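Inspection log for the structure reproduced underneath, given as structure tokens.
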Amino acid sequence: MTTATSQPAGGRQSATLTAADLLRMLHQMMVIRRFEERTAQSYQQARIGGFCHLYIGQEAVAVGSIAALGDDDPIITAYRDHGHALARGMHPNHAMAELFGKITGCAKGKGGSMHFFDRSHHVYGGHAIVGGQCPLGVGIAFAIRYNKENKICVTYLGDGALNQGTFHESMNLAAIWKLPIIFLCENNLYSMGTSIERGTSMAHDLAAKAAAYGMHFAQCDGMDLIKVYDCIKDLADRVRGGGGPAFADVKTYRYQGHSMSDPQKYRAKEEVAQHQEKDPINTLVNHLIDSGLATQQQIDELDKDAKKQAIDAVKYASEAPDTPPDELYTDVYAEPFGPYKKGEPPRMKEEGPGSGD
Amino acid sequence: MTTATSQPAGGRQSATLTAADLLRMLHQMMVIRRFEERTAQSYQQARIGGFCHLYIGQEAVAVGSIAALGDDDPIITAYRDHGHALARGMHPNHAMAELFGKITGCAKGKGGSMHFFDRSHHVYGGHAIVGGQCPLGVGIAFAIRYNKENKICVTYLGDGALNQGTFHESMNLAAIWKLPIIFLCENNLYSMGTSIERGTSMAHDLAAKAAAYGMHFAQCDGMDLIKVYDCIKDLADRVRGGGGPAFADVKTYRYQGHSMSDPQKYRAKEEVAQHQEKDPINTLVNHLIDSGLATQQQIDELDKDAKKQAIDAVKYASEAPDTPPDELYTDVYAEPFGPYKKGEPPRMKEEGPGSGD
Amino acid sequence: MHSFPYRQALREAMSEEMRRDERVFLMGEEVAEYNGAYKVSQGMLDEFGSRRVVDTPISESGFAGLGVGAAMYGLRPIIEFMSWSFCLVAADQIINNAPKMLYMSGGQFNVPIVFRGNNGAGGQLGSTHSWAVEAMFSSVPGLKMAIPATPRDAKGLLKAAIRDDDPVFFLESERLLGMGARGEKDFSRYLKRNWAPPQDDEDFVIRLGQAEIKKPGNDCTVVALGRAVHFALEAAEQLETEGIDCEVIDPRTVRPLDVDAIINSVRKTNYCVVVDQSWPFASVASEIAALVYEQALDDLDNQVIRVNSDDVPAPYNRALEQQMLPNTRKVIEAVRAVTYNA
Amino acid sequence: MHSFPYRQALREAMSEEMRRDERVFLMGEEVAEYNGAYKVSQGMLDEFGSRRVVDTPISESGFAGLGVGAAMYGLRPIIEFMSWSFCLVAADQIINNAPKMLYMSGGQFNVPIVFRGNNGAGGQLGSTHSWAVEAMFSSVPGLKMAIPATPRDAKGLLKAAIRDDDPVFFLESERLLGMGARGEKDFSRYLKRNWAPPQDDEDFVIRLGQAEIKKPGNDCTVVALGRAVHFALEAAEQLETEGIDCEVIDPRTVRPLDVDAIINSVRKTNYCVVVDQSWPFASVASEIAALVYEQALDDLDNQVIRVNSDDVPAPYNRALEQQMLPNTRKVIEAVRAVTYNA
Ligand SMILES: Cc1ncc(C[n+]2csc(CCOP(=O)(O)OP(=O)(O)O)c2C)c(N)n1
Ligand SMILES: Cc1ncc(C[n+]2csc(CCOP(=O)(O)OP(=O)(O)O)c2C)c(N)n1
Ligand SMILES: [Mg+2]
Ligand SMILES: [Mg+2]
């Protein structure tokens, strides 16, 4: 494949991306999209329980931002975590097995949809208490600085998390100690049934939120993978270079309800359709075709593979052994006593689609 | 006494203050100063226990701000609350009786220095958890709006409270609902042994903290009572008029340690002396003398009275009856059961120096 | 007798009290325009408007503290936690400010407030979303705590809680919200035991601190709280076929706790099982067991058996969660064991 | 034997472990430049520098959560709460994130962290500053809890806590910080009972979960936690003159709890008093009492008597606070009552 660069844009990082890079990222978005579609189906079939929050529509944020990071930069996010885990390298089999509550799941069936973890791919979890992951991310950044490592931590949060006290304390700590962290706000305009304007002051200008801590601010269109990549690559280089923490307002949109049981009366069908016109996958496909970087045939193959991976994941998860009863008392303590038993971390050998070449 | 106005300053509210007003406010500051000096002395004599945080140096903030309020505007503050309670009208006898743990104390000896309350003077308490009073103040403002009353709530907080999550959540709630509240930050440059720069991002420009919520911001010299009065009167009129909440950064300084057991190694003696040169009481005295609004003799009489009130308060408190044992089980429930008994609120008849004429 | 789901009982209690007292208002996440994350406040925005049914940002410390301040000022807030698992970010406001304000103000400022929401595990919500807060908060003096198991109790206790001049922690159960609706699992027992609240009785209030004998019996006292009442009743039905006549006592409130009702029952049956969905260590079941030993030691023919959740974080996996939680089978086994019929 | 205050034991434990393991660091309000609000970390900034002894803003949720994240990444944080009364604003991070991370990550991320600070009332600090958190947190699986009563235990247990790979809640006592210094109230007992930690023994570690018989005896078992151990020992000295030979057991850790040590003692003495500075309802004392009844019912010649704080918020007034808190007199009265010598 010819490594034609997209039109030169003064200093735009994505100019260095090859067609292969872009196709790999497109494929990752497709894998996430198809995985989530199978997840929804399995949930309707009651093969998945509890709360489940789909990432459909926001794929470019996870894929574009993670592509801009170093291979072992740690990330941490909230409960809408399937996309981040897959983009970071978790194999879809282990993700679906976790949703099915199986021992080969990424948390041995004990975490569930909201708690995907993958130490080998530096995924420090999905976390279910809104804003609760923010100080954890600051702690990871503190540890990076403490160990004098050349890494940064990306902490994802929803727009609803902007109003949690723990977010405020995390931003201030990161700012006063100039920690290597990016707070990436996936601003999908809603927290459950509450549009951002209804609950968040300065919703129209989130830069003011970062300015309260003297923190560097950036904003970008989260529906365009290349724009996400450029925005986060710039921030990552700046933060890694010691420029202090940064806050990114990444405008995105979720096509489904908040979770699997949301009648979505709070937004009009037209609004959803309007955002879907700027679908992140179609946007990248059009860019690749228009700039001659890929053929429709290549693109169809990628989607075919993505669908296959999702189907295989369901198959793998259905056939995987259930989590045995004695796992109830493992992993409660790293140094157990009394009825508790030492646990073994999940065995997740295979590499997922997102892993670096 | 001639009611000469201080030099006319375009629209300055204080221009309307009479010499009598200024003398009354000076007297209030003196009462607080002398009261706190007697408090320190009684504490050294172990007649007062627990934590005790003196207001010496910050008198102009409480007196100047409260003078700019309506008589029944509710206020709420943190643990450094002696000055606010006295300025709002609590009689020094009941304040000192509380410090001595007596039944005639403003909380019947069950609250102590950090928990002065006075419903009749609209004092909603001193509160000991840093930032913990902020959402309470928002609730009072919400109730004012709910009842369609023409009042505002002033919530005092220290600079250390700026970094508590509960402050962030309170500011956002006040902003999105345009509640009638002033967040008055008594910025004495320290929280315990931590200077504000060490722990608070944007310490040099707290306007950014208010801007994060789109909230109106004002700043003034807390050592000058007239400036405090003007600043808070403007804000109070604006907030009462429906202009939405406001945040005030009032620069002040505490002469003593954080509490009674603070060796103050974190600041130089010179720094303390430098601030004392701008002592709030002396500043007003000089203004009154220089502009012919009062004679030194009048001023000395006020101070004589202030000293007397402080000494009387210690006498009253020493002679006051101790809180009887059965008060241990009163006031636990408004509707008691089992071992609990209905309590009676404290009897605080006399009016203190701060009460409006 | 008609269908009257637990969810409707909560809604009617709030609506009746709001009609009756202008000072009462409901505040929480998604309570208004979304009609409640679990449809408890369905239709209340339309009736009362946004001044009295108030949606909030996700700021529990902020709006719980707001409720305490508004209550000090004279209003009577109902603050909803979508789940009691989300109250930990507001712990200081609800267990430090609310229950102590009257005391530390020397009797000047009481806090007439109700904190309510879904409590307890079940439904595979995972470790951080499955809290049962009975033990942790019932130890704090200055608050009251109610935990209704039926639509009738839900309505009567919530009306009592809203009218009470002290802070009341009201622990509902997402697993019971549909209870009392035709087609629901326990609908037959609901009908048989007359668990619908009386209709058109605006003053139907159940006094806090009054246990109810949900099923009288002579052979073994089973004390159960909230959702666990249904495990106890189901177990009693099974045990009856084995000739063991259980007496199921539902304290309905944890603070104040109707200890006499429990002791009187144990005096009669001489055996006692306590079922509590919280973790075992220093739980409400531990307290009830200690009280029974202290006040009825001579009447006991065996130790008190406690049935709690297993002492582990809540797992997502369905089978493991069922293994962890109290259930009917565990109650049956406990009663057989304590009455020497194992 | 020399003077070795409790405060110095804590400092040496932290300093020794920080010298031994680069991953260990101390963070909290005023721990560095101010040398600790209670002078526990005196001199540590000079030795380890601001990278490892870190002053924080007043943001407990922020820096406690930071500690959890840093521990997930491989560091071993010591997070100081100036007082455990200030941990409620961080409740979600310390009891929802820290103890459950290993479980909900399927064994991938443990959290080797110590939360420590002053616990318990005393000193007229008022209702919101007088928390004893034993009951509220000991019910949460996934954490461990230690509560040292002497300088020796403080050092041995804190070193064990820092080396432990799980979250440990370390409950110190401001009232005991000076204990072990010449001139302090209990200095004679401190000397007699050899409560100074061994000198120059960098590996002096007391295994978590191991109770200590602080005073052997045959007539009545007195189980006491933290500061209450000293009330129990003082009471034992007085009761000895009345011919009652108490055995004072200090569990030293609440989770894991050395139940066997308690049961073995009760089997020997047939009487049991439990002293716990927390509020009575669903307290650690309730759990210990329930366990003693369950495992030694036949050995008991009387009910277990629990001595807790009175079930009221902490008052400021000195006399009222003394009336509320457990103390030596109350222990003496309990032992006399339980052994039928009242
Ligand atoms: C502290 C807390 N309060 C409430 C909830 C319930 N809840 C779960 S997700 C959610 C909305 C969050 O919206 P946002 O942060 O924008 O994330 P998004 O779902 O849009 O990705 C709410 C209110 C929770 N999990 N934690
Ligand atoms: C949540 C919480 N953390 C810590 C403390 C201990 N503490 C009491 S006062 C104080 C300093 C507060 O400083 P500031 O807010 O500036 O008020 P000032 O004393 O200067 O008036 C601290 C850390 C507390 N009371 N509450
Ligand atoms: Mg959102
Ligand atoms: Mg200050």
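Lettering of chains follows the sequences in order, A, B, ..., and the numbering in each one begins at 1. Being a predicted model, the structure only gives us computed values, none of them experimental.
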Contact summary for B:Gln164 and A:His168, nearest pair of heavy atoms: O-CD2, 3.6 Å

Under 3.5 Å donor-acceptor, A:Glu169 side chain and B:Gly165 backbone: yes

Residues 239-250 of chain A: residues contacting chain B (heavy atom under 4.5 Å, by number): none

Max heavy-atom pair count under 4.5 Å with chain A, selected residue of B:Thr166, B:Thr200, B:Leu173: B:Thr200

Spacing of CZ belonging to B:Arg198 relative to CD1 belonging to A:Ile176, to within rounding of 0.5 Å: 9.5 Å

Side-chain touch B:Asn172/A:Lys209, heavy atoms, less than 4.5 angstrom: yes

Choice from B:Ala203, B:Ala211, B:Ser201, B:Ala207 maximising heavy atom contacts with chain A below 4.5 Å: B:Ser201

Among the listed options B:Gly214, B:Ala175, B:Gly199, the residue most often paired with chain A at heavy-atom distances under 4.5 Å: B:Gly199

Atom NZ of A:Lys227 with >12 non-hydrogen neighbours under 6.0 angstrom: no

Choice from B:Ser170, B:Ala208, B:Ala210, B:Ala212 maximising heavy atom contacts with chain A below 4.5 Å: B:Ala212

Residue A:Lys251 excluded, over 12 heavy atoms near NZ under 6.0 Å: yes

